Amino acid sequence: MKHCPDCSVDIEGEWTSCPLCGAPLSGTSTPSPLPAIPLSFSRRRVFRVLFFISLAVILASFLAQLLLSHGSRGIGTLRSVWLGVSAMWLVVMMAFRKRRNIAKGTVYLVVLISLVCVYWDYLTGWHRWSVTYAVPAVCTFSIIALMIATWAMHVEVDEHVVYSGLTVLFGLVPIVFVIFKWVTTPLPSAGCVLLSVIALLYLQATKWPDVRHELGKRLHL
Amino acid sequence: MTRHTWVRLDNASNIFLAARSEADPKVFRLSAEMDHLIDPSLLQEALDITYERYPLYHAVLRSGIFWYYLQDSDLSPVVTVDYEHTCAPIYQPDRRTLLFRVVYFRKRIILEIFHALSDGTGALWFLTDLVIEYTRLRYPDEFTQLDTESDVSGRSVSETAEQEHGLTVDSFAKYFRKPSRKVTDSAAQFAGHAAPVISGILARDLSSSDKLNAPIRSPHSSGRKIYRVKGTRTPDNRTRAVELTMPVSQVLALARAEGVSLTIYLTALFFEAIRLSSGGLGEANTLTASVPVNLRQFFPSTSPRNFFATTRVEHTYGEGKDDFTTICQELEAQFREKVTPQALEAKLRRFIRLERMPALRIVPRILKDVVLGLGNRTNNRGLTVAISNLGLVRLPEPADSHLGRMLLQVSAARPQFCSVSHAGMLAVCFTSPFTELGHVKEFVRMLTSQQVEVTMAVARVTEEELVGAGP
């Protein structure tokens with residue numbers, strides 16, 4: 001074993017000078033009981049910074065739209081391109097961030113895309129395309145997509161059931177649009193609500209104990 | 001589909017989630033050094049057997065709206081060679097991964113645990129069982145029929161034991177939530193079949209219950225400036241670990257000569273080492289140490305979940321006598337006063353009451369994390385160092401004779417040491433978020449100047465050190 005004459009300590013491992021005082025060591029070296037692990041650098045911090053910068057830029061570009069005149073004349077196609085790029089960026093970012101839980105990610109996307117669509121519609125003169133077509137379509141297809149994904153990816157019930165339930169409940173929201181006559185044609189909303197009711201009944205019939213168990217866990221006080 | 005059982009994360013463990021950071025991922029490492037190079041396939045086999053016995057270790061950590069909870073999983077642990085640095089992060093939010101890992105390097109079997117899962121004593125039970133199973137597979141001839149049938153460390157593998165290693169038992173709730181009369185009843189009833197395996201002071205700094213310390217903080221600390229060690233962070237935020245091994249008898253003799261316990265002796269030595277390496281304490285002339293106390297020694301429990309409280313001892317330099325003997329006596333007196341079942345029970349009851357307050361229970365978890373994190377940061381300002389002594393460990397034969405030293409290391413937000421004694425050797429492992437080793441140098445020199453034979457191993461953390469390690 002190596003020995004530091006200044007500290008009077010025996011040192012395990014292959015050191016040429018004392019790690020404590022730097023004095024040259026005597027004796028022969030023995031294998032170190034600790035491996036020499038190369039330095040590693042986590043990309044997590046870079047990702048986190050990028051995420052918050054992106055979020056700030058997207059929010060700023062959405063808010064900046066308010067300063068421009070409303071209606072279709074405004075800045076015209078440029079607005080659509082700008083909003084499209086921001087929305088796409090937001091969607092990709094959230095999908096990536098929530099990639100580990102497909103059901104949770106779907107809930108996030110349904111909410112985000114719906115809000116963006118309504119805002120976009122509002123900015124371009126409120127032609128009601130968002131509440132008539134976009135939001136019901138997003139809700140309908142998210143329910144279908146979730147059904148396929150959870151089946152194909154063998155997602156465990158406890159992992160998705162709460163979020164699936166939430167997605168289905170969002171599917172009932174378009175009924176509000178119809179009641180308040182915000183829609184130009186009620187067909188897409190009706191389809192969405194019908195699918196949600198069927199999905200809800202199905203969930204209640206087959207997964208109700210799981211839903212209750214999961215909610216009990218997550219809402220435990 | 002089988003529905004996974006779950007349990008809310010216990011009282012002390014919540015703080016680990018709020019207080020973890022890149023430099024201090026709240027992971028601790030318990031290692032056992034055998035007398036031969038480890039056989040990974042046998043270790044895997046032993047791990048599979050031990051893992052079955054500890055349902056708690058199957059748990060993954062998930063977050064609810066108001067609390068974190070532990071949930072059973074179908075995952076199986078895989079033994080690997082030690083390829084990460086000491087106390088590398090284990091818990092990753094949003095991922096369902098086990099909260100511990102078992103690795104090996106040369107002669108060592110290493111168990112690393114995310115502190116929210118278990119404490120030093122709980123980890124020691126697991127590692128002890130693992131080492132015994134491993135030895136049984138490695139040296140089958142040495143085990144008699146009787147050994148094979150009875151459980152390790154004399155505990156019987158009954159269904160109750162399984163339950164107690166499981167997810168269900170939160171000893172904090174058990175002892176400190178109900179009215180005291182009931183507590184004594186259940187304590188007495190529980191004590192019947194729950195022989196505490198290890199007594200002594202256990203693993204871990206931590207701050208959760210330090211908050212509780214505030215009301216009973218010794219009066220003379222008020223207004224004092226507490227010294228905090230500053231230094232250069234390691235390049236990739238890894239824990240700087242240094243292992244000192246020495247004959248326990250030699251250090252024990254020194255402690256006895258001062259008339260104090262080993263823990264207090266080492267703490268006093270640590271204070272002196274910090275003072276000597278500081279280049280002058282200046283105005284901040286009070287040193288404090290956080291010392292965890294294993295509650296199992298007062299409130300018997302066989303649950304491997306966290307069950308400890310921390311207390312704080314301190315010394316102010318430049319007021320009265322500062323010689324080593326005086327410091328030892330002062331620390332010993334403070335420790336004796338704080339570590340009594342009554343003092344601890346009162347403290348923990350206050351904490352549990354706070355935790356059970358309806359108004360606080362409905363605060364969303366994210367906010368709780370922020371508040372706990374801030375509380376932890378405030379609390380850190382009052383701490384110079386942390387120490388913890390797992391005490392003397394003994395395994396049943398024939399496993400014991402194949403086991404050399406045992407070592408405990410904890411990821412650290414401040415300089416810290418953890419000690420364990422086994423096979424006549426005391427392993428004092430220093431950890432720190434900083435690269436500087438001044439305090440270790442002083443610590444070593446104080447021991448070696450008193451003819452203690454110290455052996456040291458240093459984990460390489462800086463670029464220069466790693467280059468020196470060669471290819």
Side-chain angles (χ1 to χ4, degrees), chain A residues 1-23 25 29-42 44-45 48 97-101 104-105 154-159 161-162 206-207 209-210 212-221, chain B residues 1 3-4 6 8 22 31 33 62-67 69 71 81-86 88-89 94-96 105-108 234-238 241-245 358 361-362 407 437-438 440-441 444-445 447-449 453-463 465-466 468-470:
Chain A
M1 217 177 293
K2 290 277 191 179
H3 184 83
C4 171
D6 291 0
C7 301
S8 324
V9 65
D10 290 330
I11 300 169
E12 295 170 86
E14 286 140 13
W15 295 86
T16 47
S17 59
C18 176
L20 297 183
C21 66
L25 302 177
S29 56
T30 50
S32 172
L34 302 161
I37 310 286
L39 292 178
S40 64
F41 290 95
S42 158
R44 200 175 305 158
R45 190 180 294 175
R48 198 166 48 208
R97 230 178 127 75
K98 298 286 162 199
R99 68 192 179 281
R100 294 199 187 102
N101 187 336
K104 195 178 185 177
H154 302 287
V155 183
E156 290 219 26
V157 174
D158 65 334
E159 201 174 331
V161 81
V162 168
T206 59
K207 305 266 165 31
D210 295 313
R212 281 221 332 234
H213 178 80
E214 275 301 304
L215 285 178
K217 203 156 68 174
R218 283 160 201 257
L219 297 175
H220 179 78
L221 278 173
Chain B
M1 193 212 73
R3 197 169 296 148
H4 295 302
W6 62 279
R8 207 191 88 192
E22 263 174 86
S31 325
E33 194 164 273
R62 305 197 57 202
S63 49
I65 308 277
F66 303 105
W67 303 99
Y69 57 91
Q71 178 177 292
V81 70
D82 190 14
Y83 65 94
E84 284 186 285
H85 56 79
T86 313
D94 252 12
R95 281 205 190 175
R96 297 187 183 196
F105 185 73
R106 296 183 57 80
K107 296 177 175 179
R108 287 190 184 176
T234 54
D236 56 356
N237 273 329
R238 68 174 64 176
V242 181
E243 306 171 353
L244 305 179
T245 313
R361 278 154 76 175
I362 57 162
L407 310 105
L437 290 173
V440 184
K441 182 177 98 179
V444 167
R445 289 187 173 189
L447 284 170
T448 52
S449 69
E453 299 152 24
V454 182
T455 305
M456 177 175 75
V458 181
R460 296 171 191 264
V461 300
T462 63
E463 210 159 331
E465 285 173 359
L466 284 161

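So you know, we letter chains A, B, ... as the sequences are listed, proteins then strands, and number each from 1. Only a predicted model underlies this, so the values are computations on that prediction, with no experimental measurement involved.
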Heavy-atom distances under 4.5 Å only: say whether B/Val461 touches chain A with side chain, backbone, both or neither.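 When you check distances to chain A, only backbone atoms of B/Val461 fall under 4.5 Å.
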Among [options], single out the residue with the greatest number of heavy-atom pairs under 4.5 Å to chain A.
{"options": "B/Arg96, B/Glu22, B/Glu84, B/Arg108", "value": "B/Arg96"}
{"options": "B/Pro235, B/Gly438, B/Ser449, B/Ala459", "value": "B/Pro235"}
{"options": "B/Glu33, B/His85, B/Lys441", "value": "B/Lys441"}
{"options": "B/Lys107, B/Glu463, B/Glu453, B/Arg95", "value": "B/Arg95"}

Among B/Val242, B/Val440, B/Val458, B/Thr462, which residue satisfies the side chain to side chain contact (heavy atoms under 4.5 Å, CB included) criterion with A/Pro19?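 With A/Pro19 as partner, side chain to side chain contact (heavy atoms under 4.5 Å, CB included) holds for just one option, B/Val458.
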So which residue, A/Thr16, A/Asn101, A/Ile11, ends up with the most heavy-atom pairs under 4.5 Å with chain B?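 Top count of heavy-atom pairs under 4.5 Å with chain B: A/Ile11.
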Winner by heavy-atom pair count (cut-off under 4.5 Å) against chain B, out of A/Gly13, A/Pro31, A/Ser17: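 Option with the top pair count is A/Pro31.
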Rounded to the nearest 0.5 Å, what separation is found between the [atom1] atom of [X] and the [atom2] atom of [Y]?
{"X": "B/Arg445", "Y": "A/Cys21", "atom1": "CZ", "atom2": "SG", "result": "5.0 Å"}
{"X": "B/Arg238", "Y": "A/Leu39", "atom1": "CZ", "atom2": "CG", "result": "5.0 Å"}
{"X": "A/Leu219", "Y": "B/Phe66", "atom1": "CG", "atom2": "CZ", "result": "6.0 Å"}
{"X": "B/Tyr69", "Y": "A/Lys217", "atom1": "OH", "atom2": "NZ", "result": "4.5 Å"}

Using a 6.0 Å cut-off, check whether atom CZ of A/Arg45 has over 12 heavy atoms from anything other than its own residue.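 No.
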Counting neighbours of CZ on A/Arg99 that are heavy atoms of other residues, nucleotides or ligands and sit closer than 6.0 Å, is the number greater than 12?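 Check passes, neighbour count above 12.
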Would you call B/Arg106 and A/Glu12 a salt bridge, taking side-chain N to carboxylate O under 4.0 Å as the test?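 Answer for the salt bridge query: no.
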Measuring heavy-atom distances to chain B, does A/Lys104 have an atom under 4.5 Å in its side chain, in its backbone, in both, or in neither?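 Contact with chain B involves the side chain of A/Lys104 alone.
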Examine whether an atom of A/Pro38 lies under 4.5 Å from a heavy atom of chain B, and if so say whether it belongs to the side chain, the backbone or both; otherwise answer neither.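 Only the backbone of A/Pro38 comes within 4.5 Å of chain B.
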Given the ring of A/Trp15, does B/Arg460 sit roughly above its face, with NZ or CZ under 6.0 Å from the centre of the six-membered ring and within 45° of the axis?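 Yes, B/Arg460 sits over the ring of A/Trp15.
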Would you say B/Thr448's side chain and A/Cys7's backbone share a donor-acceptor pair under 3.5 angstrom?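 Checked: pair present.
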Would a 4.5 Å heavy-atom cut-off, applied to side chains only, mark B/Arg62 and A/Arg218 as touching?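 With C-beta onward as the side chain, the pair touches.
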Please name the pair of heavy atoms, one in A/Ile37 and one in B/Leu466, separated by the smallest distance, quoted to 0.1 Å.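 Smallest interatomic distance, heavy atoms only, reads O-CD2, 3.3 Å.
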